[in-house]
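Values below: every heavy atom of this structure, side chains too, minus hydrogens, waters and symmetry copies. Along the sequence shown, residues carry numbers from 1.
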Amino acid sequence: MLMADRSRNFMVFPHQQNLGLELSAEPPFQETYKALINSKSINIEDIAVSPIAEECELPLIDLSMLKLGRPESEKCKAQIAKASQEWGFFQVVNHGISNEIFENMRREQGQVFKKPFHEKEMCFPAGAYRWGTPSATRLRQLSWSEAFHVPMIDISSGGGISSLSSTMEHFATTVSDLAQKLAEILAEKMGQESTYFKENCVPSSCYLRMNRYPPCPISEISGMMPHTDSDFLTILHQDQIGGLQLVKDGKWFAVKPNPEALIINIGDLFQAWSNDVYKSVEHRVVTNKQVERFSTAYFLCPSYETKIQSCMEPSVYKQFSFREFRQQVQHDVKKLGYKIGLPRFII
């Protein structure tokens, strides 16, 4: 039986409390989701989300071409736009961000996830530390992962660790610049002014998310359940374990890790803004039975008051604010157990 320490909102195991043993760093997945993990809860729909998928390599774009003069620069921009239309995902190399930044981020990330479980939610302001899927009513809705989802304005707290704070800030600043550059290119290829993203996607409205996917004994459980991202752009740095999968032409594909590349994907807001030209593609992370996986994602988001409106007519979507979109997503997840997203806003 588990006992809840309501003052800190975490679970304490009796044998650890009584014996004075050091609390584990692992979230209590097995105990919390025992009813879902029970074999009786596994049905044909859960098995249908098998992690088996054909491996693919995402379109690879060399950003150094942007500095080689107009013909090469235009070719690079066209590649970015094409990948965003056809895949919704692409990877970039020669992006100008040093390996040292990524190595420091990975080291600090590993350290904060090693903290005892009951201390993790106190590392950043309330709500930043997340694990599992509180709204899950089915096995397929459970995400076997933990994360620190930190607003940029809260990075300075750094879990009380100065090295973590400075590393996160350095990482976020450099990746933010890249996100703005890519957004400008995608806007330009739509024949639109790029100032919209600079004016609305300011540092205070963006997020950094550090992810950890512990080993999972049950293959039917996802590390992150299928979803689309509720932002303009996501920039992902991942380790070499693999596990990221995406849908293309109605089929799941496993993304082959590339140690030199950053992964970029289009979010829901960019799909709405581009009037369905750029695609926000469903993706997931599958679990691994033996090893843990780490990644860090930067989310280019606008302020909650920002109006999202298609940049061409006839518009596929009605105008909505980012706040309205987030509230609708949260309502659906709470009520249904999963996100609906953009279809809620089709005219």
Going by side-chain heavy atoms closer than 4.5 Å, which hydrophobic residues are tied to Ile241, directly or by a chain of links?
Val291

Is Met190 reachable from Leu186 through a run of I, L, V, M, F, W or Y residues, each pair having side-chain heavy atoms under 4.5 Å apart?
yes

In short, side-chain hydrogen bond (donor to acceptor under 3.5 Å, both in side chains) pairs touching residues 290-299 with sequence neighbours left out are Gln109-Thr296, Ser176-Tyr298, Asn211-Ser295, Arg212-Glu292, Gln238-Arg293

Using the side-chain contact (heavy atoms from CB on, under 4.5 Å) rule, take Glu108 and Ser163 through it: C-alpha gap first, then chi angles, then the decisive distance, then the call.
CA-CA 7 Å; Glu108 295 293 339; Ser163 59; 3.1 Å; yes

Any link between Phe320 and Ile340 through a network of hydrophobic side chains (Ile, Leu, Val, Met, Phe, Trp, Tyr) touching at under 4.5 Å?
no

Residues which pass ring pair (Phe, Tyr, Trp, His ring centres under 6.0 Å) with Phe294, listed by chain and number, not counting sequence neighbours:
none

For Leu300 versus Ala179, what's the shortest heavy-atom pair and its separation?
CD2-O, 4.1 Å

Minimum heavy-atom distance between Leu142 and Gly132, given as atom pair plus value:
CD1-CA, 4.3 Å

Which residues share a side chain to side chain contact (heavy atoms under 4.5 Å, CB included) with Met225, sequence neighbours left out
Gln141, Ser143, Tyr338

Applying the 4.5 Å side-chain criterion to the ILVMFWY set and letting contacts propagate, would Leu68 and Leu63 be lumped into a single cluster?
no

Name all residues meeting the side chain to side chain contact (heavy atoms under 4.5 Å, CB included) criterion together with Gln79; count only those two or more places apart in sequence or in a different chain, and write none if there are none.
Ile61, Met65, Lys75

I would like to know whether Phe197 and Phe270 meet side-chain contact (heavy atoms from CB on, under 4.5 Å); could you show each step before the answer?
CA-CA 10 Å; Phe197 299 97; Phe270 227 135; 3.5 Å; yes

Could Glu184 and Lys198 be called an ion pair, given the rule that one side-chain N must be under 4.0 Å from one carboxylate O?
yes

Tell me, which pairs form a side-chain hydrogen bond (donor to acceptor under 3.5 Å, both in side chains) where one or both residues lie in residues 253-274, sequence neighbours left out?
Thr228-Asp268, Asp229-Asn265, Asp268-Ser280, Asp268-Lys339, Gln271-Asp276, Gln271-Tyr317

Answer yes if Val202 and Ile155 sit in the same cluster of Ile, Leu, Val, Met, Phe, Trp and Tyr residues linked by side chain heavy atoms under 4.5 Å apart, and no otherwise.
no

Mind checking side chain to side chain donor-acceptor pair (under 3.5 Å) for Arg107 and listing every partner two or more places apart, or none if nothing turns up?
Asn104

I'd like to check the ring pair (Phe, Tyr, Trp, His ring centres under 6.0 Å) partners of Tyr33; sequence neighbours left out, ordered by chain and number.
none

Hydrophobic side-chain clustering at under 4.5 Å (ILVMFWY, transitive links): who's grouped with Leu60? Put none if nobody.
Val93

In one Ile/Leu/Val/Met/Phe/Trp/Tyr side-chain cluster, 4.5 Å: Phe253, Leu244:
no

So, Phe232 versus Phe299, ring centres under 6.0 angstrom or not?
no

Cation-pi check for Trp87 against Lys248: NZ or CZ below 6.0 Å from the six-membered ring centre and within 45 degrees of the axis, yes or no?
yes

Around atom CD of Glu169, are there more than 12 heavy atoms from other residues, nucleotides or ligands closer than 6.0 Å?
no

Just jot down the ring pair (Phe, Tyr, Trp, His ring centres under 6.0 Å) partners of Phe90, sequence neighbours excluded, or say none.
none

Check the angle between the aromatic planes of Tyr129 and Phe148 and answer parallel, tilted or perpendicular using the 30° and 60° thresholds.
tilted

Would you mind listing every side-chain hydrogen bond (donor to acceptor under 3.5 Å, both in side chains) that reaches into residues 90-101, with sequence neighbours excluded?
Asp62-Asn94

Quick one: ring-ring contact (aromatic ring centres under 6.0 Å, His included) pairs with a partner in residues 198-226, sequence neighbours left out?
His149-Tyr207

